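Presented below is the structure to which this report refers.
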Protein chains: 2
Amino acid sequence: MPKQLPVITPESIRCSPLMREPLSEQQSADLAKAFKALADPVRLRLLSLIASHAGGEACVCDVTDAFDLTGPTISHHLKVLREAGIIDGERRGTWVYYRVLPDMLRTLSTLLTAPEATEAEPVPAAT
Amino acid sequence: MPKQLPVITPESIRCSPLMREPLSEQQSADLAKAFKALADPVRLRLLSLIASHAGGEACVCDVTDAFDLTGPTISHHLKVLREAGIIDGERRGTWVYYRVLPDMLRTLSTLLTAPEATEAEPVPAAT
DNA sequence: GGCCTATTTAGAGGTCTGTCAATCTAGACA
DNA sequence: TGTCTAGATTGACAGACCTCTAAATAGGCC
């Protein structure tokens, strides 16, 4: 499972705590790739199945049954999550086990967090 | 700006704190819609521009210049964000002002958060 | 080696998405 | 009323995406 190169890493994104300042084009492009990996119901469910599985990892065969999809399709979605730096897979004998890489999810989570309740006042219509 | 109906709300998602348990098909479908709205570099940058703008809101004309895109395209992206329940817009005179709705972002952020460092042990190969 | 199972890769088809040009709507103002 | 500006909507097109079937790869076992 030699994680092919076009993988995004949390370090490569390195975005400020939140949207307290505008994102650069590069940042937004990298972040969009990460969010795109999450923007599919099958991948979200795959992720939750892996993350919530005993031991923090799940074999492909463990999760395939939860879907009405063919093996190759599941494999495709796992690859997308892997290339987004969200999960990683390891072959052990006949089976391949996937586990969540928490760093990327943490990075995305932080990005979406409000820095503080710094004042969400609707602005007193100061014309 | 009568927010057309197919809007997702944080309440409608109501997912458990994190992926401590598998997502249902319905939850994953709703969440995927929300993440899909974030899965575009232009929309992410729009969001950061609005969120970081003085007063927490920005007029369309404030953000359009940051892009090499036509008005209709910007308008389209704003609509996607609006229908995802991530921003809301309000017309004031000639201009339309957008602001971030923090609830949806908070919901998504929480979803991606690890419940705790509950033990990321690689499992002692307990065959 | 030969066969079987688990998973990935390759290629194709149908659908969704981002973008644009053209057009339309809403408000301001003379 | 007419006109101007700010945004939104519509329709079209190219490229990306999800899914499948068919074929390939990897490891275990006889």
Side-chain angles (χ1 to χ4, degrees), chain A residues 1-7 25 28-29 32-47 49-50 57-84 87-99 127, chain B residues 1-7 25 28-29 32-47 49-50 57-84 87-99 127:
Chain A
M1 225 51 9
K3 79 177 66 160
Q4 49 284 73
L5 265 278
V7 179
E25 285 192 54
S28 58
K33 278 184 209 161
F35 281 120
K36 203 165 294 193
L38 296 175
D40 180 279
V42 173
R43 289 196 288 269
L44 281 175
R45 217 140 69 83
L46 272 175
L47 194 56
L49 285 167
I50 294 170
E57 64 179 10
C59 152
V60 178
C61 58
D62 289 330
V63 297
T64 299
D65 293 344
F67 301 90
D68 219 19
L69 297 169
T70 64
T73 298
I74 300 298
S75 193
H76 159 72
H77 285 302
L78 289 170
K79 182 180 181 178
V80 172
L81 287 170
R82 193 162 11 106
E83 291 183 344
I87 62 174
D88 196 14
E90 178 196 1
R91 172 155 227 139
R92 289 212 289 280
T94 306
W95 297 277
V96 176
Y97 291 87
Y98 282 92
R99 63 170 53 248
T127 52
Chain B
M1 231 41 22
K3 83 180 64 161
Q4 49 284 73
L5 264 279
V7 180
E25 284 191 54
S28 57
K33 279 184 205 159
F35 281 120
K36 205 164 294 193
L38 296 175
D40 182 279
V42 173
R43 289 196 289 269
L44 281 175
R45 216 140 70 82
L46 273 175
L47 195 56
L49 285 167
I50 294 169
E57 63 179 11
C59 152
V60 178
C61 57
D62 289 329
V63 298
T64 299
D65 293 343
F67 301 91
D68 219 19
L69 296 169
T70 64
T73 299
I74 300 296
S75 195
H76 159 71
H77 286 302
L78 289 170
K79 182 179 181 180
V80 173
L81 288 170
R82 191 160 16 102
E83 292 185 343
I87 63 175
D88 197 13
E90 177 196 2
R91 171 157 227 137
R92 289 213 288 279
T94 306
W95 297 277
V96 176
Y97 291 87
Y98 282 93
R99 61 169 53 250
T127 54

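What you see is a predicted model, and the numbers here were worked out from it, not measured in a lab.
Under 4.0 Å is where a charged nitrogen must lie from a carboxylate oxygen, and between A:Arg92 and A:Glu57 at least one such pair does.
Distance B:Leu78 CG to D:dT9 P: 11 Å, rounded to the nearest Å. With rounding to whole Å, A:Asp65 atom CG is found 10 Å from C:dT7 atom P. Between the C1' atom of C:dC16 and the NZ atom of A:Lys36 lies a distance of 12 Å, rounded to the nearest Å. Look at NZ on A:Lys79: it is 14 Å from C1' on D:dC18, rounded to the nearest Å. The CG atom of B:Leu46 sits 14 Å away from the C1' atom of C:dT19 (whole-angstrom rounding). A straight line from CZ of B:Arg92 to C1' of C:dA26 spans 16 Å, rounded to a whole angstrom. Spacing between atom CZ of A:Phe35 and atom P of D:dC17 amounts to 17 Å, rounded to whole angstrom units. A:Glu90 has its CD atom 17 Å from the P atom of D:dA26, to the nearest Å.
Taking every side-chain heavy atom of B:Pro72 into account, D:dT9 is the closest of D:dT9, C:dT7, D:dC18. In the set D:dC18, C:dG18, C:dT7, the nucleotide with an atom closest to the side chain of B:Asp40 is C:dG18. In this structure, the nucleotide among C:dG18, C:dA6, D:dA6 sitting nearest to the side chain of A:Thr94 is C:dA6. In this structure, of C:dG27, C:dT5, C:dT7, it is C:dT7 that holds the atom nearest to the side chain of A:Trp95. Comparing D:dG7, C:dT9, C:dG18 by their closest approach to the side chain of B:His76 singles out C:dG18. The B:Arg91 side chain lies nearest to C:dG27 when the options are D:dT9, C:dG27, D:dA8.
Taking the side chain as every heavy atom from C-beta outward, A:Arg43 and A:Leu38 never approach each other to under 4.5 Å. Between A:Leu49 and A:Phe67 the shortest side-chain heavy-atom distance falls below 4.5 Å. In this structure, the side chains of A:Val96 and A:Glu90 stay at 4.5 Å or more apart for every pair of heavy atoms. Looking at heavy atoms from C-beta onward, B:Leu46 lies out of side-chain contact with B:Ile87 at the 4.5 angstrom threshold.
When the side-chain nitrogen and oxygen atoms of B:Thr73 are compared with OP1 and OP2 of C:dG18, none of them lie within a distance under 4.0 Å. In this model, the phosphate group of C:dT8 is approached by a side-chain N or O of A:Tyr98 to a distance below 4.0 Å at OP1 or OP2. Within the structure, a side-chain polar atom (N or O) of B:Ser75 is placed less than 4.0 Å from OP1 or OP2 of D:dA8. Taking only side-chain nitrogens and oxygens, A:Arg43 comes nearer than 4.0 Å to OP1 or OP2 of D:dC18. Put simply, A:His77 has a side-chain N or O that comes within less than 4.0 Å of OP1 or OP2 on D:dT19.
Looking at A:Leu81, A:Val63, A:Asp88, A:Val60 one by one, the single match for side-chain contact (heavy atoms from CB on, under 4.5 Å) with A:Tyr98 turns out to be A:Val60.
Using a 4.0 Å heavy-atom distance criterion, A:Ile74 is classed as making no nucleic acid contact.
Comparing B:Cys59 and A:Gly93 against DNA chain D, the residue whose closest nucleotide sits nearer the 5' end is B:Cys59.
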